[in-house]
Chemist: 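Here it is, the structure, as structure tokens.
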Amino acid sequence: MTRERAARAATAAFAVVAAAHLAAQLAGSATAGHLTKPVLVPLLAACAVLRGGPRLLVAALLCGWAGDVLLQFDGDASFLLGMGAFAAGHVCYLTLFTAGGAFADRRRAARTAAGYAVVWLAALVVVWPGLPSGLRVPVAAYSLLLTAMAAGAAALGPRATAVGGALFLLSDTLLATRLADLPQLPAADFWIMLGYLAAQFLLSTGRYGGTTPFEQPPRTTSYARHRDPRPPRHPGGGGAGPGGAAAHRRGGARGAGLYLRQRPVGVPRRVGP
């Protein structure tokens with residue numbers, strides 16, 4: 001099996017396990033949910049490795065996997081450790097997006113950051129009063145980092161990556177409303193996990209993957225493939241004539257163009273470069 005076929009098999013396995021996990025959320029089966037959740041993100045990480053994805057992408061996914069495992073345990077300590085693992089993943093994503101030129105266009109990046117800053121502040125105002133006092137500062141810091149990652153995903157350019165960042169923010173915002181003891185959507189666990197899984201999939205494939213390997217060989221133009229490797233000859237015996245001297249003085253394409261426009265009578269137009 002080739003690496004690409006293995007990557008496609010990993011993607012298909014992710015889809016199957018994700019469907020099973022979401023069905024478990026709808027059915028309220030905690031056992032099935034606990035069994036399937038730790039398998040999901042490692043399949044995306046395997047796909048990234050098989051396709052030669054950036055190390056930071058693999059690291060971000062593995063941090064997400066660690067967060068998934070830690071959040072399955074009860075207690076504030078497990079919650080804080082899981083949130084820390086996700087925060088490390090967001091740092092990896094943000095570093096990767098920055099290196100990819102997410103903030104190269106400063107005006108666009110500033111507009112995107114300003115919009116997401118408004119979203120972050122509004123969400124924090126809503127959940128802050130209901131958050132446990134010991135979690136307020138960690139949640140605020142984490143949500144700020146998550147918002148920065150989402151803004152970086154939006155500024156990076158590909159629509160799938162931008163949607164992935166927004167879905168990650170939405171999923172964790174829904175989770176924060178639960179921490180704040182706010183009214184919940186019906187089947188809230190389903191919607192939280194649906195947004196999270198879609199986010200990880202889109203973030204890992206929107207810019208750096210998909211159905212083709214990450215590293216593509218450089219394209220070769222038809223000119224480069226068929227160009228005559230021999231140096232161009234000039235009229236007058238290898239550059240001795242006036243046309244050849246003019247080409248050498250001006251150099252490159254300009255000299256060649258002068259030769260074509262002012263070739264001596266009786267000298268046929270050359271074909272090719």
Side-chain angles (χ1 to χ4, degrees), residues 10-45 47 60-61 63-76 78-83 85-87 89-90 93 116 119-120 122-132 135-136 138-140 142-143 146-147 149-150 153-154 159-206:
T11 304
F14 170 79
V16 171
V17 179
H21 181 77
L22 293 173
Q25 298 301 318
L26 286 175
S29 175
T31 301
H34 284 304
L35 290 175
T36 53
K37 188 176 182 180
V39 182
L40 289 161
V41 176
L43 289 170
L44 292 178
C47 183
L61 291 168
C63 287
W65 168 74
D68 287 339
V69 173
L70 288 167
L71 289 182
Q72 292 196 116
F73 297 96
D74 295 329
D76 288 350
S78 296
F79 178 80
L80 289 173
L81 288 173
M83 189 165 59
F86 277 114
H90 296 325
Y93 274 131
Y116 270 99
V119 173
W120 171 76
L124 193 61
V125 168
V126 171
V127 301
W128 184 269
L131 289 174
L135 295 179
R136 285 179 176 176
V139 167
Y142 169 81
S143 63
L146 169 59
T147 304
M149 184 279 293
R159 182 175 300 175
T161 306
V163 172
L167 286 176
F168 213 134
L169 180 59
L170 176 61
S171 175
D172 277 12
T173 300
L174 292 175
L175 188 57
T177 63
R178 173 178 294 176
L179 287 175
D181 200 23
L182 294 175
Q184 297 294 295
L185 294 171
D189 288 335
F190 170 83
W191 296 112
I192 290 171
M193 287 306 301
L194 177 63
Y196 168 68
L197 294 176
Q200 290 284 38
F201 176 79
L202 291 173
L203 287 171
S204 62
T205 61

Chemist: Looking at every non-hydrogen atom in both residues, tell me the closest pair between Ser78 and Leu71 and how far apart they are.
Modeler: O-CD2, 4.2 Å

Chemist: Taking only residues two or more places apart in sequence or in another chain, which ones pass ring pair (Phe, Tyr, Trp, His ring centres under 6.0 Å) with Tyr116?
Modeler: none

Chemist: Less than 4.5 Å apart, any side-chain heavy atom of Tyr196 and any of Val41?
Modeler: yes

Chemist: Taking side chain to side chain contact (heavy atoms under 4.5 Å, CB included) as the test, write out the residues that go with Pro138, two or more places apart.
Modeler: Leu80, Met83

Chemist: Provide the closest heavy-atom pair for Ala85 versus Gly67 in the form atom of the first, atom of the second, distance.
Modeler: CB-N, 3.7 Å

Chemist: Can you name the closest pair of heavy atoms from Ala60 and Gly89 and give their distance?
Modeler: CB-O, 3.6 Å

Chemist: Set out, in order, the CA-CA distance, both residues' side-chain angles and the distance that settles side chain to side chain contact (heavy atoms under 4.5 Å, CB included) for Leu182 and Val127, then state yes or no.
Modeler: CA-CA 8 Å; Leu182 294 175; Val127 301; 4.2 Å; yes

Chemist: According to the salt bridge (charged side-chain N to carboxylate O under 4.0 Å, His left out) rule, which pairs have a member within residues 16-30, sequence neighbours left out?
Modeler: none

Chemist: Determine, stepwise, if the pair Leu40 / Asp68 fulfils side chain to side chain contact (heavy atoms under 4.5 Å, CB included).
Modeler: CA-CA 9 Å; Leu40 289 161; Asp68 287 339; 5.8 Å; no

Chemist: Among all residues two or more places apart in sequence or in another chain, which pass the side chain to side chain contact (heavy atoms under 4.5 Å, CB included) test with Val16?
Modeler: none

Chemist: Taking only residues two or more places apart in sequence, or in another chain, which ones meet Ser143 in a side-chain hydrogen bond (donor to acceptor under 3.5 Å, both in side chains)?
Modeler: Trp120

Chemist: How close do Ala160 and Gly206 get, counting heavy atoms only, and between which atoms?
Modeler: CB-CA, 3.8 Å

Chemist: Sorted by first residue and then second, give each side chain to side chain donor-acceptor pair (under 3.5 Å) pair with at least one member in residues 181-195; sequence neighbours left out.
Modeler: Thr177-Gln184, Arg178-Asp189

Chemist: Taking side chain to side chain contact (heavy atoms under 4.5 Å, CB included) as the test, write out the residues that go with Leu43, two or more places apart.
Modeler: Ala13, Phe14, Val17, Val39

Chemist: If you look at every heavy atom in Leu131 and Ala176, which pair is closest and at what distance?
Modeler: CD2-O, 4.1 Å

Chemist: Counting N and O atoms only, with roles assigned by atom type, does the side chain of Thr173 sit under 3.5 Å from a partner on the main chain of Leu169, one being a donor and the other an acceptor?
Modeler: yes

Chemist: For Tyr142, check ring pair (Phe, Tyr, Trp, His ring centres under 6.0 Å) against everything at least two apart and list the hits.
Modeler: His90

Chemist: Please test Leu81 against Phe73 for side chain to side chain contact (heavy atoms under 4.5 Å, CB included), starting from the C-alpha separation and ending with a verdict.
Modeler: CA-CA 10 Å; Leu81 288 173; Phe73 297 96; over 6 Å; no

Chemist: Ala45: what forms a side chain to side chain contact (heavy atoms under 4.5 Å, CB included) with it, not counting sequence neighbours?
Modeler: Leu61, Leu62

Chemist: To the nearest 0.5 Å, how far apart are CG in Leu197 and CG in Leu202?
Modeler: 11.0 Å

Chemist: Checking Phe86 against Leu70 for the side chain to side chain contact (heavy atoms under 4.5 Å, CB included) test, could you report, in this order, the C-alpha distance in whole Å, the side-chain angles of both residues, the deciding distance, and whether it holds?
Modeler: CA-CA 10 Å; Phe86 277 114; Leu70 288 167; over 6 Å; no

Chemist: Please list all pairs passing the salt bridge (charged side-chain N to carboxylate O under 4.0 Å, His left out) test where one or both residues lie in residues 35-45, with sequence neighbours left out.
Modeler: none

Chemist: Which atom pairs, one a donor and one an acceptor, fall under 3.5 Å between side chains of residues 18-28 and the rest of the protein, sequence neighbours left out?
Modeler:
| residue | atom | partner | partner atom | Å |
| --- | --- | --- | --- | --- |
| His21 | ND1 | Gly33 | O | 3.4 |
| His21 | ND1 | Thr36 | OG1 | 2.8 |
| His21 | NE2 | Gln25 | NE2 | 3.2 |

Chemist: Might you point out which heavy atoms bring Trp65 and Pro42 nearest each other, and give the distance in Å?
Modeler: CD1-CG, 3.2 Å

Chemist: What distance separates Tyr93 OH from Cys63 SG, expressed to the nearest 0.5 Å?
Modeler: 9.5 Å

Chemist: Given side chains that start at C-beta, do those of Met149 and Leu203 come closer than 4.5 Å, heavy atoms only?
Modeler: yes

